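Read the structure below first, then the notes.
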Amino acid sequence: MPILSVVVPFHDVEEYLGPCLDSLTTQTLRDLEVICVDDGSRDGGPALVEARRAADPRVRLVRQPGGGVGRARNIGVRHATGRYLAFVDGDDLVPRDAFRRLVASLESTGSDLACGNVMRLHRDQLVPSWAHRQAFARRLERTHITRHPLLVRDRMLWNKVYRRSFWDALALTFPERLYEDQPVAMAAHVGATSVDVLKAVVYYWRRRDWSVTQRSLEPGNVRDRLLSVLETSALLARRAPGVKPRFDRDTLDIDMSVAVEAVARAGTAADPAILDLAARYLDGVTPDDWLSLPYPRRLLTHLLHRGRVEELAAVFADEKEGRLWPPLVCAGFGPGGRRWYGRHPGLPAHLSEVTDELHLRTRLLSAGWRDGLLRGEGWMSVGRFDPRGLGRARVRVWLRERGTGDTVPLSEETVMPASRDLPQEDGRVTAEHGFPFGFTFDPATLSPARLARRGHWELRVELRTGGLGAGGLWGGALWAGGLRAGGLRAGGLRLEAKVAGPRWLPPAVPPPVRRAGSWLVPVRAGKGVWGLRVRRAEALIGECRIEGGDLLVAGELADPGDGEPVLRLIRRGDGEEVYFPVTLDGHAFSGRIRLGDIEAPVGRVPRWDVLLDQGRKIRPLVRTRARPAATVAGRRFVADRGEDGCLMLVEHCPPM
């Protein structure tokens with residue numbers, strides 16, 4: 001009898017099955033069996049397993065004509081003989097020491113199951129799995145989902161090892177449908193006496209362009225997803241009611257968003273079974289959990305709950321196209337002060353409060369030096385709510401230095417709410433409702449002491465409103481539910497934010513200017529936050545342009561030194577580095593960055609700091625206003641300034 005049985009269902013994944021089996025047969029835990037269950041493959045996967053079986057007797061092959069991954073896993077379990085049980089999908093990988101770590105933990109603690117951290121695998125790159133990052137941030141022994149409720153996100157089978165006697169005692173079996181792993185994983189977590197949580201990564205979860213998770217809007221897929229949601233919800237309500245609110249909040253955020261989109265796209269042709277399953281689940285969600293959803297998704301999910309398909313499709317289209325701007329109203333007081341609501345005829349008052357989600361969305365529309373002054377104009381909105389019923393507002397703009405908290409006032413004025421057509425990152429132009437603002441910065445306001453600190457000053461804005469005028473915007477009952485705004489004048493709203501905005505939209509960052517031996521550098525930080533850096537410069541980039549898919553940079557070094565410099569690109573987050581040669585002629589330098597040679601990103605917006613390396617790192621200051629962009633092999637690059645005014649290369653990338 002082996003220590004561990006690993007069940008590997010597979011179907012048409014020949015391309016990935018060999019590496020998967022390699023990762024299993026080379027485990028440091030040698031005493032294992034690998035039970036490969038062919039779920040009706042039409043490619044060369046079964047032959048590949050046969051070849052592996054001939055070379056390694058620990059590999060076994062079981063065939064079934066094709067009944068889905070749930071049935072395949074059940075068959076695999078029936079053939080398993082080990083003291084412990086694990087599951088691996090045929091297109092994924094397992095780190096070499098993973099099973100030894102998991103089994104050793106169970107042998108040490110006596111827990112019923114051990115689970116570990118997960119990385120997403122795309123091509124040859126790994127990024128943390130968002131679903132597992134928090135739950136597996138630290139090692140925990142002999143815990144339980146009721147004591148570590150973040151495990152409610154650990155709904156997959158394959159990052160775990162189960163004690164076989166525990167599995168059999170619970171009589172765990174997989175439903176024969178998609179999303180079959182969630183109810184089983186949650187039943188194991190709830191039914192376990194104790195669980196070991198390992199911080200170490202034990203599984204590489206492959207992202208494929210056409211896997212089950214990417215087919216999420218197909219009606220059968222949505223039905224299976226909702227069946228698993230209902231089954232898991234009922235289990236938690238019976239066995240772990242304290243965990244259910246966290247499950248519901250994740251489910252509202254993820255699974256119901258999928259159901260909303262599927263129904264909205266289908267319109268009146270939507271599958272009635274999907275509507276019924278969604279309604280049955282949502283019947284059991286508490287008002288507090290409903291309010292955890294952002295307003296637009298709350299509205300859409302409520303329309304799904306009530307089966308109002310045509311309204312759902314219309315609101316979904318409005319939200320997608322940026323046309324959904326519910327009026328914002330103050331409708332009385334509650335714990336902590338005034339309460340704010342979004343008004344839409346599709347959402348009842350008790351689900352319409354938005355007090356805790358109000359924030360300023362800001363962006364600059366223009367910025368530049370004029371007559372020695374830095375002038376800018378911007379736009380801000382209160383989330384995506386229509387504030388025109390709030391009347392005039394007081395707007396204040398200032399600079400605040402990081403670290404010291406020192407401030408430089410820039411402007412203060414009274415403005416009226418308005419509407420304006422603004423460009424979006426996807427190329428559309430949509431109407432936004434909000435407030436304009438402007439500012440003027442005089443470099444003379446930075447004293448010698450302020451300049452000497454070499455600080456980073458962030459651009460900030462504050463909005464203050466005086467509330468509704470007499471009678472409010474609607475002057476009476478707002479909508480069914482009894483909230484009234486008539487006569488309220490105490491609806492004052494005060495919000496503050498950094499001035500930020502989409503990096504891929506104008507305006508360009510103005511060039512730096514010199515004052516009293518220091519450079520004043522307008523900057524845009526990684527999240528699009530505008531500000532001003534005070535710094536010295538050992539090198540200046542005066543030219544930055546695209547040529548034939550390459551980024552050309554040229555400038556001057558204050559001290560050319562003795563060695564030959566290189567361009568050194570350092571990726572933020574993981575420190576990955578790429579080097580390109582530099583030509584030096586006296587103080588002048590030039591270099592060519594071949595964009596196609598830069599490693600493709602996975603699951604994030606990669607940012608590369610571009611440095612000169614001459615035995616030491618030199619951060620060259622960008623003086624040009626140019627912000628060249630290029631598309632190379634389908635990848636979009638933009639040369640921009642980082643938060644210190646130095647060159648930064650940013651790339652768009654697909655979401656995970």
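Please read these numbers as outputs of a predicted model, since none were measured by experiment. If you read the sequence from its start, that first residue is 1, and numbering goes on from there.
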Could I get the full list of ring pair (Phe, Tyr, Trp, His ring centres under 6.0 Å) partners for [X], not counting sequence neighbours?
X	answer
Phe589	none
Trp519	none
Trp325	His433
Phe136	His132

- Message: I'd like to know if Arg450 pairs up with Asp406 as an ion pair, taking the criterion as any Lys NZ or Arg NE/NH1/NH2 lying under 4.0 Å from an Asp or Glu carboxylate oxygen.
- Response: yes

- Task: Could you tell me whether Glu319 and Arg384 have a side-chain N and a carboxylate O separated by less than 4.0 Å?
- Result: no

Main-chain N/O of [Y] paired with [X] side-chain donor or acceptor, under 3.5 Å:
X	Y	value
Arg297	Asp253	yes
Tyr341	Ala331	no
Glu496	Arg494	no
Arg515	Pro443	yes
Thr355	Arg339	no
Arg535	Val521	no

- Summary of side-chain hydrogen bond (donor to acceptor under 3.5 Å, both in side chains) pairs that have at least one residue in residues 358-368, sequence neighbours excluded: Arg361-Ser381

Nearest 0.5 angstrom please: [X] [atom1] to [Y] [atom2], how far?
X	Y	atom1	atom2	answer
Asp613	Glu577	CG	CD	8.0 Å
Leu552	Glu543	CG	CD	7.0 Å
Leu300	Lys320	CG	NZ	12.0 Å
Arg392	Arg464	CZ	CZ	14.5 Å
Leu495	Leu493	CG	CG	4.0 Å

- Assess the side chains of Arg343 and Ser352: does a donor N or O sit below 3.5 Å from an acceptor N or O? no

Measure the shortest side-chain to side-chain distance between [X] and [Y] over non-hydrogen atoms and say whether it is less than 4.5 angstrom.
X	Y	value
Pro560	Leu584	yes
Val382	Trp340	no
Arg388	Ser419	yes
Leu422	Leu365	yes

- Message: Tell me whether the NZ or CZ atom of Arg400 lies within the 45° cone about the ring axis of Trp398 and under 6.0 Å from its centre.
- Response: no

Do you know the tightest heavy-atom contact between [X] and [Y]?
X	Y	answer
Glu261	Phe316	CG-CZ, 3.6 Å
Val415	Phe435	CG2-CD2, 3.9 Å
Ser411	Gly438	OG-O, 2.6 Å

- Can you name the residues that form a salt bridge (charged side-chain N to carboxylate O under 4.0 Å, His left out) with Glu412, not counting sequence neighbours? Arg394

- Task: Any chance you could lay out the side-chain contact (heavy atoms from CB on, under 4.5 Å) test for Glu357 and Arg298, step after step, and finish with the verdict?
- Result: CA-CA 12 Å; Glu357 63 181 274; Arg298 199 185 316 160; 2.7 Å; yes

